[in-house]
Visitor: 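Below is a structure I'd like to ask you about.
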Amino acid sequence: MSVRFFNSLTRSREPFLPLEPGRVRMYACGPTVYNFAHIGNFRTFVFVDALRRHLKWRGYELLHVMNLTDVDDKIIRDARAAGLPLREFTEKYIRHFWEDADALGIERPEVAPRATEHIPEMIALIGRLTRCGCAYHSDGSTYFRIASFPRYGALSGGKLAGNVAGASERVEADEYEKDDARDFALWKRSQPDEPAWDSPLGPGRPGWHIECSAMAMKYLGESLDIHCGGVDLMFPHHENEIAQSEGATGKPFAKYWLHAEHLLVNGRKMSKREGNYYTLRDLLERGYAARAVRYALVAVPYRKPLNFTLEGVEAAERRLKRLNETVRRLREAKSVVAEAADDAATTIAQARKAFGAAMDDDLNTAEALAAVAQLETAVNIALTRGELSEPFKRTALAAFDDVQTVLGILDPPEEALLDAAVEALIAERMAARQARNFARADAIRAQLAAQGVLLEDGKDGTRWRRA
RNA sequence: GGUGGCGUAGCCAAGUGGUAAGGCACGGGUCUGCAAAACCCUUAUUCGUCGGUUCGAUUCCGACCGCCACCUCCA
């Protein structure tokens, strides 16, 4: 079975067939860098990461572009409030964004272009739109003429677009200069004290949407395979991108549109006011592991609203602990039988297949994780019974490799190194146990526990692990 | 107000016109000197409420209730 996606454009699940066989060109809307990204932002970025990992795992050659929006109204406002030049201000949050992304195990896209470094491309695109009659100048700004693009509203449903004029109570000053209330700015005339770029359109700065069209086309061509982002971007952002891009090129812009649902915290929309607003750093400061946060974010399929709770992260931590321990024990285990029991081998094979099939099916991570749990139990049974064979071990490790490649939730293999002192204590405890001096044995165990070393007595001696 | 989505056990959550995956927590058990870890068993006659279609609905339709989103900056 091949990869299938729910395409927002057609509102149906479709087989994924890239424009060019074996090659995927994908664009994802990235962060606007005026603050620390919050956990809701990362729900989307973790989804995009799972998407890119899965496509690569399925053998596609991937070119993934994610923009960094480093100029817009909020950035200008906050940079001014901070008393910093735009560049210096955004630089800081870009750095923090990558730090957080790294902590969450998010792979870097192949290209992460900044809007401010692509002003000429945007100006060129606006020029193209002006020449074909899709754009017009008005009082120093340039707007896209929606009337010139009959298919406007294809993505979000024409109804939404028709609503705009009536729904908008408040009318911005510059909107008086538009021919139609639905028209949107491609180039904004600069206000005093605002960052501005010189251009044939007059001094100003780009509108919100044009950067994505310009940068997507620059790096991916005029038609791309996948465009993704959060649902809230569907309208007007993505709708406008389509209008701009297709208006200029006359070609379909993106074949598949994938939208991640929003995240709620404690069942409610996240807001600073309600006190349920979290950044990754907030969670790390509270002592939660970044991996557990990633697990909590990726465990719910992307098209479902995700109810994020601290309890959920704690559950994810416990879940991950067992998973990591299972993999570690499997790695360290020596195979003791020549051949695996048929049923065990079958379970592994089936679980591995089910994992891939679930991910193929529009990234059904919940179902994929159910397969991981099956895998885990089968391995633990073999381990407990001492029925591990070399082929079984190899296959099981390969299956966990798949899981790690696609979901990135496991801990990296740990170097098994112990202080001589700790090792000596473990040996002393063993001797005490053999002499049935349990008081001494327990005292040593407690002492090691206090140092974060937990002991587990098994048939083959004492294992230890870090708390 | 308009439009769209969702509502499954204590919590998270998959799924299907044919009788409810998985995880976390809880309880019981095996193992252990005691633990820990692991394993086994148990946990929804029921899928927001009320109707309708159907041989049969949690799954389709309608109404209602609740929540969320978009329509205005937003992942």
Side-chain angles (χ1 to χ4, degrees), chain A residues 11 28-32 34 37-48 69 72-74 77 156-172 208 228-237 239 259-264 267-271 295-296 299-309 311-323 325-326 329 354 358 361 364-374 376-385 432-434 436-439 441-442 445-446 449 454-459 462-465 467:
Chain A
R11 294 191 177 203
C29 285
T32 300
Y34 68 103
H38 57 64
I39 205 69
N41 296 317
F42 281 116
R43 198 262 165 117
T44 299
F45 297 131
V46 167
F47 146 65
V48 172
T69 299
D72 92 325
D73 292 347
K74 281 183 185 169
R77 179 196 68 196
S156 55
K159 291 163 191 165
L160 270 181
N163 246 331
V164 179
S168 185
E169 294 289 325
R170 135 183 91 86
V171 180
E172 299 288 343
W208 173 31
C228 46
V231 267
D232 54 327
L233 259 31
M234 208 155 135
F235 187 89
H237 185 55
E239 198 70 71
H259 290 100
E261 256 299 337
H262 273 187
L263 164 155
L264 307 173
R268 308 215 59 99
K269 183 177 178 173
M270 184 166 58
S271 79
Y295 186 99
V300 178
Y302 77 97
R303 288 204 303 121
K304 295 274 186 169
L306 184 159
N307 186 20
F308 186 88
T309 61
E311 294 71 33
V313 183
E314 285 158 18
E317 276 181 342
R318 288 188 291 265
R319 182 75 196 85
L320 245 25
K321 193 175 132 201
R322 173 167 170 249
L323 184 54
E325 275 303 302
T326 298
R329 291 203 301 159
D361 185 16
N364 190 337
T365 47
E367 212 162 278
L369 286 169
V372 174
Q374 271 192 306
E376 226 177 319
T377 301
V379 167
N380 277 323
I381 289 172
L383 248 20
T384 304
R385 293 185 185 162
R433 288 180 69 213
Q434 273 156 7
R436 302 194 68 78
N437 181 358
F438 296 122
D442 287 350
R445 182 167 62 188
L454 302 183
L455 303 185
E456 292 174 7
D457 298 329
K459 287 193 177 72
T462 298
R463 289 180 69 250
W464 67 276
R465 62 190 168 87

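First the proteins, then the strands, lettered A, B, ... as listed; each starts at 1.
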Visitor: Send over the distance from A:Arg11 CZ to B:C70 P, rounded to a whole Å.
Guide: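 Result: 15 Å.
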Visitor: Have a look at A:Ala373 and say if it touches a base, only the backbone sugar-phosphate, or nothing, with a 4.0 Å heavy-atom cut-off.
Guide: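 Result for A:Ala373 = sugar-phosphate.
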Visitor: Looking at the base of B:A38, is there any donor atom on it, or on the side chain of A:Thr384, that sits under 3.5 Å from an acceptor on the other one?
Guide: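 Looking at the base of B:A38, it does not pair with any donor or acceptor on the side chain of A:Thr384 (distance under 3.5 Å).
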Visitor: For the backbone of A:Ser156 and the side chain of A:Glu239, can you confirm whether one donor and one acceptor N or O come within less than 3.5 Å of each other?
Guide: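 Confirmed, A:Glu239 side chain pairs with A:Ser156 backbone.
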Visitor: To the nearest Å, how far apart are A:Glu261 CD and B:G7 P?
Guide: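 Rounded to whole Å, this separation is 12 Å.
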Visitor: Looking only at non-hydrogen atoms, find the nearest pair between A:His259 and A:Arg303 and report the distance.
Guide: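 Closest heavy-atom pair between A:His259 and A:Arg303: O-CG, 4.1 Å.
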Visitor: Look for any protein N or O under 3.5 Å of an N or O in nucleotides 10-13 of chain B and output each such pair with its distance, or none.
Guide:
| unit_1 | atom_1 | unit_2 | atom_2 | d |
| --- | --- | --- | --- | --- |
| B:C12 | OP1 | A:Asn307 | ND2 | 3.4 |

Visitor: For B:A36 versus B:U43, give the span between their C1' atoms, rounded off to a whole number of Å.
Guide: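 Going atom to atom, C1' in each nucleotide, I get 25 Å.
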Visitor: Do A:Asp232 and A:His262 come close enough that some side-chain heavy atom pair is under 4.5 Å?
Guide: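 Side chain of A:Asp232 against side chain of A:His262, heavy atoms only: contact under 4.5 Å found.
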Visitor: When all nucleic acid strands are considered with a 4.0 Å heavy-atom cut-off, which category describes A:Asn364: base, sugar-phosphate, or nothing?
Guide: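 If one applies the 4.0 Å heavy-atom cut-off, A:Asn364 turns out to touch the sugar-phosphate alone, with no base involved.
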Visitor: Give a yes or no on whether the backbone of A:Ala358 and the side-chain of A:Asn364 come within a donor-acceptor separation of less than 3.5 Å.
Guide: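 No.
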Visitor: Separation of A:Leu263 atom CG from B:C74 atom P, in whole Å?
Guide: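 Rounded to whole Å, this separation is 18 Å.
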Visitor: Using both distances under 3.5 Å as the test, list the Watson-Crick or G-U wobble partner of B:C60, or none.
Guide: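 Per the H-bond distance test, B:G52.
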Visitor: Measure from the side chain of A:Ile381, starting at C-beta and using heavy atoms only, and say which of B:A75, B:C68, B:C40 lies closest.
Guide: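 Nearest to the side-chain atoms of A:Ile381, counting from C-beta on, is B:C40.
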Visitor: Quote, to the nearest angstrom, the P distance that separates B:C64 from B:G4.
Guide: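 Taking atom P in both B:C64 and B:G4, they lie 14 Å apart.
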Visitor: Between A:Arg433 and A:Ala441, what is the shortest heavy-atom contact and its length?
Guide: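 Answer, listing the atom of A:Arg433 first, then A:Ala441: CG-CB, 3.6 Å.
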Visitor: In whole Å, I'd like the distance from the NE2 atom of A:His237 to the P atom of B:C71.
Guide: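 The distance from NE2 of A:His237 to P of B:C71 comes to 13 Å, rounded to the nearest Å.
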Visitor: Between A:Arg319 and A:Glu376, is the closest basic N to carboxylate O distance under 4.0 Å?
Guide: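 Salt bridge between A:Glu376 and A:Arg319, a charged N being under 4.0 Å from a carboxylate O: yes.
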Visitor: Walk me through it: do A:Glu325 and A:Arg463 pass the test salt bridge (charged side-chain N to carboxylate O under 4.0 Å, His left out)?
Guide: CA-CA 11 Å; A:Glu325 275 303 302; A:Arg463 289 180 69 250; 3.5 Å; yes
Visitor: Paired with B:U3: which nucleotide, if any, by Watson-Crick or G-U wobble criteria at under 3.5 Å for both distances?
Guide: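 B:A69 is the nucleotide pairing with B:U3.
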Visitor: Of the listed nucleotides (B:C40, B:G22, B:C70), which one gets closest to any side-chain atom of A:Ala370?
Guide: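 Nucleotide nearest to A:Ala370's side chain: B:G22.
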Visitor: With respect to the side chain of A:Phe235, which nucleotide from B:C70, B:C73, B:A75 is positioned closest?
Guide: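 It is B:C70.
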Visitor: Figure out the CD/P separation between A:Glu376 and B:C40, and round it to whole Å.
Guide: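 These atoms are roughly 11 Å apart.
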Visitor: Identify the heavy atoms of A:Cys228 and A:Val48 that sit nearest to each other, and give their distance.
Guide: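 Taking A:Cys228 first and A:Val48 second, the nearest heavy atoms are SG-CG2, 3.9 Å.
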Visitor: Distance between the C1' atoms of B:U42 and B:U58, in whole angstroms?
Guide: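 After rounding to an integer number of Å, I get 24 Å for this pair.
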Visitor: Tell me the interatomic distance from A:His262, atom NE2, to B:C70, atom P, rounded to whole angstroms.
Guide: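 Checked: the NE2 to P distance equals 6 Å.
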Visitor: What integer number of Å spans the C1' atoms of B:G23 and B:A57?
Guide: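 Comparing C1' positions in B:G23 and B:A57 gives a spacing of 27 Å.
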Visitor: So which nucleotide does B:A9 pair with, by the Watson-Crick or G-U wobble rule with both distances under 3.5 Å?
Guide: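 Across any shown strand, B:A9 pairs with none.
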Visitor: Of the options B:A21, B:C24, B:C70, whose atoms approach the side-chain atoms of A:Arg319 most closely?
Guide: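 For the A:Arg319 side chain, the nearest candidate turns out to be B:C24.
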Visitor: Please state the C1' separation for the pair B:A20 and B:U59 - nearest whole angstrom.
Guide: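 It works out to 11 Å between them.
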Visitor: To the nearest Å, give me how far apart CZ (A:Arg385) and P (B:C31) are.
Guide: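 In whole Å, B:C31 P and A:Arg385 CZ are 15 Å from each other.
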Visitor: Tell me the partner of B:U43, counting only Watson-Crick (N1-N3 plus N6-O4 or O6-N4) or G-U wobble (N1-O2 and O6-N3) with both under 3.5 Å; none if nothing fits.
Guide: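 In the structure as shown, B:U43 has no Watson-Crick or wobble partner.
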Visitor: Under 3.5 Å for both donor-acceptor distances, Watson-Crick or wobble: does B:C26 have a partner, and if so which one?
Guide: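 The base-pairing partner of B:C26, which may sit in any strand shown, does not exist here.
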Visitor: Is there a donor and acceptor pair closer than 3.5 Å between the side chain of A:Lys269 and the base of B:C68?
Guide: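 No such pair is found, so the answer is no.
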Visitor: Mind checking who B:G33 pairs with, Watson-Crick or G-U wobble, both distances under 3.5 Å?
Guide: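 In the structure as shown, B:G33 has no Watson-Crick or wobble partner.
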Visitor: Answer with base, sugar-phosphate or nothing: what part of the nucleic acid does A:Thr326 contact at a heavy-atom distance below 4.0 Å?
Guide: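 Answer is nothing: A:Thr326 stays at 4.0 Å or more from every strand.
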Visitor: Is any side-chain N or O of A:Ser156 closer than 4.0 Å to OP1 or OP2 of B:G4?
Guide: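 For B:G4, neither OP1 nor OP2 has a side-chain N or O of A:Ser156 closer than 4.0 Å.
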Visitor: Can you check the distance between B:G22 and B:A9, where both ends of the measurement are the C1' atom (answer in whole Å)?
Guide: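 Taking atom C1' in both B:G22 and B:A9, they lie 13 Å apart.
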Visitor: If I compare all heavy atoms of A:Met270 with all of A:Ile39, which pair ends up nearest, and what's the gap?
Guide: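 So the minimum-distance heavy-atom pair works out to SD-CG2, 3.8 Å.
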Visitor: Please check if the side chain of A:Thr365 supplies one atom and the backbone of A:Ala368 the other of a donor-acceptor pair under 3.5 Å.
Guide: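 No.
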Visitor: Consider the side chain of A:Ala315, meaning its heavy atoms from C-beta on, and name the nucleotide among B:C24, B:C40, B:C74 that approaches it most closely.
Guide: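 That would be B:C24.
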Visitor: Determine, step by step, whether A:Asp72 and A:Thr32 satisfy the side chain to side chain donor-acceptor pair (under 3.5 Å) criterion, reporting the C-alpha distance in whole Å, the side-chain angles of both residues, the deciding distance to 0.1 Å, and the verdict.
Guide: CA-CA 8 Å; A:Asp72 92 325; A:Thr32 300; 5.0 Å; no
Visitor: I'd like to compare against my own output: the B/S/- annotation of nucleotides 32-37 of chain B with a strict under-4.0 Å heavy-atom distance to protein.
Guide: -BBBBS
Visitor: Tell me the interatomic distance from A:His38, atom NE2, to B:C74, atom P, rounded to whole angstroms.
Guide: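 It is 12 Å, rounded to the nearest whole Å.
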Visitor: For nucleotides B:U53 and B:A44, find the distance between their P atoms and express it as a whole number of Å.
Guide: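 Here B:U53 and B:A44 have their P atoms 31 Å from each other.
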Visitor: Under a 3.5 Å cutoff, is there a donor and acceptor pairing between the side chains of A:Asp457 and A:Thr462?
Guide: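 Checked: A:Asp457/A:Thr462 side chains pair up, N/O donor to acceptor below 3.5 Å.
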Visitor: If you measure from the C1' atom in B:G48 to the same atom in B:G66, how many Å do you get, rounded?
Guide: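 So the two C1' atoms sit 8 Å from each other.
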